[in-house]
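Reviewing the structure listed below.
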Amino acid sequence: MERPELPLPQLHAFVVLAEELHFGRAATRLGIAQPPLSQQIRRLEDKVGYALFSREPGNIGLTPAGRELLPAARHALTDLAEGLTAAREVGSGRAGRLRIGFAASLALTVLPGLLRTFRERFPAVDLDIQEMTTTPQLAALRERTIDIGLLREPPAHADLGFKTVLTEPFVAVLPSAHPLTAQRTVRVEQLAECPFVLLPRAVGPPLYDQITNLCTAAGFTPQVTQHAVEWQTVCALVETGLGVSLAPESIRRIRLKGVAFRGLEPGTARTRVAVAWRKNDTNPLVLRLLAALHQDPPDRPWPDEAEPFRSAPPGRD
């Protein structure tokens with residue numbers, strides 16, 4: 001079907017005249033004089049090929065062709081008005097679709113509060129939440145299949161911006177029958193002879209290296225005998241007695257009867273959670289989410305410094 005080329009002023013003039021059936025009143029509504037209104041109608045009739053109005057002295061009416069065109073003309077103008085409103089909502093960051101990747105463990109910390117705050121402020125925004133580990137998130141950001149990432153220990157990357165939103169210490173994850181559970185805290189070197197269960201390095205190299213570096217600083221190399229992609233699975237494997245682990249403190253919230261969590265000595269090492277985004281991203285929804293996360297006005301630039309603005313509270317078994 002050939003796409004018609006109909007100027008909007010002609011359609012608008014036609015609809016108003018069809019509603020008023022009086023050139024004077026229609027011209028007043030349109031804010032123009034009667035001669036330009038007559039010209040608009042005649043140009044539209046030329047495009048249609050038939051008269052749209054019958055013009056008898058003192059009486060104007062719609063022809064069959066005019067009556068047929070009127071619903072389509074009203075529909076077109078309504079669709080355009082709604083489309084313009086929707087475009088303005090999306091352009092301003094009040095509507096649209098925002099794709100967020102998140103590490104599973106962050107469902108225990110920052111994710112619920114962030115989503116709740118954002119949805120309260122921008123209920124018309126459709127949030128597409130995708131669970132993925134750090135390395136896939138970085139790839140998805142580069143490939144533009146997600147807009148925002150929530151991940152642990154972000155690596156330096158020239159094209160991505162990062163902002164620390166939470167820091168937390170590490171804890172030892174032990175089978176509940178392990179002798180070290182009798183202590184309130186565990187020294188890292190006390191785990192030297194234990195097999196370890198860890199996430200594969202490929203899913204988050206910086207976090208994996210941070211954990212193994214804790215062991216190296218304590219004088220040993222951890223003997224990793226089992227890997228699991230999610231912390232829930234790590235804890236389940238620890239529960240079965242396959243090994244011990246070191247994990248971010250928020251993992252305490254995974255409740256398994258056969259698992260105990262103990263603080264570490266020294267307790268100075270902390271893991272950080274960051275929000276990640278493309279530095280050149282002009283999507284207003286990204287700026288809205290960053291502002292909601294930082295509790296700043298949405299038009300205020302994101303600070304350059306990487307100061308964390310809150311830390312996880314200490315947990316208990």
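- Note that the CZ atom of Phe102 and the CG atom of Leu114 stand 11.5 Å from one another [nearest 0.5 Å].
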Evaluate Val173 against Phe261 for side-chain contact (heavy atoms from CB on, under 4.5 Å), listing each step before the verdict.
CA-CA 5 Å; Val173 186; Phe261 301 94; 3.9 Å; yes

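- Leu8 has its side chain within reach of Leu77: a pair of non-hydrogen atoms, C-beta onward, lies under 4.5 Å apart.
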Could you walk me through whether Leu191 and Phe196 pass side-chain contact (heavy atoms from CB on, under 4.5 Å), step by step?
CA-CA 9 Å; Leu191 304 174; Phe196 270 72; 4.0 Å; yes

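- Each of Thr145, Asp126, Asp147 was evaluated against Arg99; a single residue qualifies, Asp147, per the side chain to side chain donor-acceptor pair (under 3.5 Å) test.
- Counting heavy atoms from C-beta on, the side chains of Leu242 and Pro195 never come closer than 4.5 Å.
- Between atom CG of residue Leu111 and atom CD1 of residue Ile100 there is a gap of 7.5 Å, rounded to the nearest 0.5 Å.
- Side-chain contact between Gln40 and Arg43 is present, with heavy atoms from C-beta onward closer than 4.5 Å.
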In sequence, state the C-alpha distance, the side-chain angles, and the governing distance for Ser245 and Leu198, and then conclude on side-chain contact (heavy atoms from CB on, under 4.5 Å).
CA-CA 6 Å; Ser245 192; Leu198 290 180; 3.6 Å; yes

Just do the salt bridge (charged side-chain N to carboxylate O under 4.0 Å, His left out) check on Glu45 and Arg55 with the steps written out, would you?
CA-CA 13 Å; Glu45 289 176 326; Arg55 298 167 175 84; 3.2 Å; yes

Might you work through the side-chain contact (heavy atoms from CB on, under 4.5 Å) test for Gln10 and Lys47, ending with a clear yes or no?
CA-CA 10 Å; Gln10 292 178 14; Lys47 287 186 178 293; 4.0 Å; yes

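- Here the straight-line distance linking atom CG of Leu80 with atom CG of Leu84 works out to 4.5 Å at 0.5 Å rounding.
- With rounding to the nearest 0.5 angstrom, the CG atom of Leu115 is 11.0 Å from the CD atom of Glu120.
- Residue Lys279 qualifies as enclosed at atom NZ: its count of foreign heavy atoms under 6.0 Å is above 12.
- Contact of the Leu199 side chain with the Tyr208 side chain is not registered, since no non-hydrogen atoms from C-beta on lie closer than 4.5 Å.
- Here the OG1 atom belonging to Thr282 is positioned 8.0 Å from the CG atom belonging to Asn280, to the nearest 0.5 angstrom.
- Here the straight-line distance linking atom CG of Leu214 with atom OG1 of Thr271 works out to 10.0 Å at 0.5 Å rounding.
- At most 12 non-hydrogen atoms from other residues, nucleotides or ligands lie less than 6.0 angstrom from CD of Glu68.
- Two residues are said to be in side-chain contact when any heavy atoms from C-beta on lie closer than 4.5 Å; Leu98 and Phe118 meet this criterion.
- In this structure, His227 places its NE2 atom where more than 12 heavy-atom neighbours from other residues, nucleotides or ligands lie under 6.0 Å away.
- A salt bridge links Asp128 to Arg97: one of the charged nitrogens lies within less than 4.0 Å of a carboxylate oxygen.
- When side chains are defined from C-beta on, Arg272 does not count as touching Gln210, because their heavy atoms never get closer than 4.5 Å.
- Side-chain atoms of Met132 and Ile146, non-hydrogen and from C-beta on, do get closer than 4.5 Å to each other.
- Atom CZ of Arg142 has more than 12 neighbouring heavy atoms from other residues, nucleotides or ligands inside a 6.0 Å radius.
- With contacts defined as side-chain heavy-atom distances shorter than 4.5 Å, the pair Arg152/Glu168 qualifies.
- Looking at every heavy atom in both residues, Asp209 comes nearest to Thr212 through O-OG1, 3.1 Å.
- For Gln137 (side chain) and Leu150 (main-chain N/O), a donor-acceptor pair under 3.5 Å exists by modelled atom type.
- Nearest heavy-atom pair across Val188 and Ala218 is CG1-CB, 3.7 Å.
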